[in-house]
Structure formats: structure tokens, C-alpha cells
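Reading through the C-alpha cells given below for one structure.
Just so it is clear: chains get the letters A, B, ... in the order the sequence lines come, proteins before strands, and each one is counted from 1. Keep in mind the model is a prediction, meaning the values are calculated, not measured.
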Protein chains: 2
Amino acid sequence: MSSVTVGLDRTFAALADPHRRDILERLSQGPVAASQLAEPLGMTVTGVLKHVHALEDARLVTTRKVGRTRWCQLAPDPLDTAATWISTRRRLWDRRLDRFQAHVDARPDVNS
Amino acid sequence: MSSVTVGLDRTFAALADPHRRDILERLSQGPVAASQLAEPLGMTVTGVLKHVHALEDARLVTTRKVGRTRWCQLAPDPLDTAATWISTRRRLWDRRLDRFQAHVDARPDVNS
């Protein structure tokens, strides 16, 4: 199995959890200390750390410990890969619909 | 929990499996009989049907039985919702980087 396939499995699985999406949403606005993520998201620090570790495993977040603070930062590349996977399939689908429409338009009994 | 949240959970969970992505990839080119999906994807018909049912539960595929054939078709709306979720977070992240760059550019000691 290719590394892209494994990466997509990991990315989509990580995105399937609403708490992990909440964390990514907050991190899309800039780096945050893990301890500061908990309260606004209505989670315990332990809960946040569990999800942050899962996001690190999925390469969607990097963390760095400075003193006693664990800073979390979004790593956007896997999001780009996931978005590209989806948009490529959507484009194929749209093209298919366009071809179908062209086929319908070309039928003389429809246009007359 | 909102229906969008539940929908995203379901969509991303469905996309986390490589076989289910293979099926969606094939269906993005047009409707296919479930029995015709198996061989090109190196799967058994039973395996395909299991994944097709999971994709139906995630609203990513609709199926219709005509005689003894179960036709499968892509339902693109959940893909659009998932792509929008990702691209919105990416835009926030890019804007944050732009602001950071503007801040660096505005520093006289950097520009002099």
C-alpha cells in the first residue's frame, strides 16, 4: 500500500472525530498551548492531549515543549492531500455530468 | 450535535478506508453495477457489498435494484461538505501566515 494511501487513511480517520476537528479549527488560527485548548473546547486537558497525540500520529499537528508548555501547531500538508483527493473525484463526476448534458443537448428529438 | 457535525463524522470515517475510496473513485466516472465493481478492484462481491452499504450509510452512494442488478451511484453532496470544511480551515491558516508575513515586512529592522 502506498504512503499516500496510508496517509489518506490516517488523515480521514483523524478528521472523523468532532473534537479533533474542533482542535484543528482552533489551530488554523495559529499555534496554541495544549492547556489553553481545553476550556474553550469544553474538554479536559487529558482529553485534549489524547486528541492532540492522535492528530500528531496523523501528521496533522506538530507539538513542541517549551518549559512546561506544550505548543500545538497545525501541519497543513495532509489537509491539502485530502482536499485534492476529494476535489479530483468531484471534478471527474462534474465532467461526467457535462458529457451527459452534451449528449442530451445533441439529441435532435430533444432540441426540436 | 448538529446534523452537519454528524454528517462530517460519517463522511470522513467512510473516506478513511482505501477500498471505499477505490469504490468512490470508480463511481465518480459514472454508475456501476455492484457486481462489476468487484473484479477490477480486486475484491469479492461480498466485500464490495459490505463497503457499498457503509458508503450508503454515509450518504456517499445511492443504490437502486433493477431486476437482479444493484446499481451504485455517487452522491456528491457529502464530498462537497467535507471539502468545504477542509478548505475553510486551510484559508484561515493561509490568512494567518499572510498576516505574519505582513508583520515581518513592516518591521523596519528587517527591511533596512
Side-chain angles (χ1 to χ4, degrees), chain A residues 1-32 42 54-55 57-58 60-62 72-100 103, chain B residues 1-32 42 54-55 57-58 60-62 72-100 103:
Chain A
M1 209 176 276
S2 80
S3 61
V4 172
T5 301
V6 174
L8 283 170
D9 290 2
R10 229 168 21 200
T11 305
F12 285 128
L15 291 174
D17 182 281
H19 296 301
R20 294 196 289 259
R21 289 200 304 278
D22 283 346
I23 291 172
L24 292 175
E25 170 129 36
R26 175 60 194 84
L27 294 182
S28 67
Q29 297 161 45
V32 183
L55 289 165
D57 288 343
L60 283 159
V61 163
T62 57
C72 306
Q73 178 159 341
L74 184 72
D77 288 355
L79 287 182
D80 290 340
T81 307
T84 301
W85 189 90
I86 295 176
S87 63
T88 305
R89 275 75 213 168
R90 280 298 278 126
R91 265 200 305 276
L92 280 172
W93 175 256
D94 287 339
R95 251 184 255 155
R96 188 197 149 261
L97 286 190
D98 289 346
R99 278 200 310 273
F100 178 72
H103 174 74
Chain B
M1 208 176 277
S2 80
S3 61
V4 173
T5 302
V6 173
L8 283 169
D9 289 3
R10 231 170 18 202
T11 305
F12 286 129
L15 291 173
D17 182 281
H19 296 302
R20 293 196 289 259
R21 290 199 304 277
D22 283 345
I23 291 172
L24 292 175
E25 170 129 36
R26 176 60 195 84
L27 295 183
S28 67
Q29 296 160 46
V32 183
L55 290 165
D57 288 344
L60 282 159
V61 164
T62 57
C72 307
Q73 177 159 342
L74 183 72
D77 287 355
L79 288 182
D80 290 340
T81 307
T84 301
W85 189 90
I86 295 176
S87 63
T88 305
R89 275 75 214 170
R90 279 299 280 125
R91 266 201 304 277
L92 280 172
W93 174 257
D94 287 339
R95 251 184 254 156
R96 188 195 150 261
L97 286 190
D98 289 346
R99 279 200 308 275
F100 178 72
H103 174 75

Closest approach of [X] and [Y], non-hydrogen atoms and distance?
{"X": "B:Pro76", "Y": "A:Trp93", "answer": "CG-NE1, 3.3 Å"}
{"X": "B:Ser28", "Y": "A:Leu92", "answer": "OG-CD1, 3.3 Å"}
{"X": "A:Ala13", "Y": "B:Ala16", "answer": "N-CB, 3.5 Å"}
{"X": "A:Ile86", "Y": "B:Leu79", "answer": "CG2-O, 3.5 Å"}

Taking side chain as everything from C-beta outward and backbone as N, CA, C, O, which of these in B:Arg21 sits under 4.5 Å from a heavy atom of chain A? Side chain, backbone, both or neither.
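Contact with chain A: backbone and side chain both.
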For chain B, the option from A:Asp80, A:Val6, A:Leu27 that forms the most heavy-atom pairs under 4.5 Å
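Most pairs with chain B among the choices: A:Asp80.
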Below 4.5 Å, heavy-atom pairs only: which of B:Ser87, B:Ala14, B:Ala82, B:Pro18 has the largest tally toward chain A?
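Answer, by heavy-atom pair count under 4.5 Å with chain A: B:Pro18.
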Against chain A, work out which of B:Asp94, B:Thr5, B:Leu74 has the most heavy-atom pairs shorter than 4.5 Å and name it.
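Looking at each of B:Asp94, B:Thr5, B:Leu74 in turn, B:Leu74 comes out on top.
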For the pair B:Arg89 and A:Glu25, evaluate side-chain contact (heavy atoms from CB on, under 4.5 Å) and give the outcome as yes or no after the intermediate values.
CA-CA 6 Å; B:Arg89 275 75 214 170; A:Glu25 170 129 36; 2.8 Å; yes
As an exercise, state the distance from OG1 of A:Thr11 to CG of B:Leu15, rounded to the nearest 0.5 Å.
11.0 Å
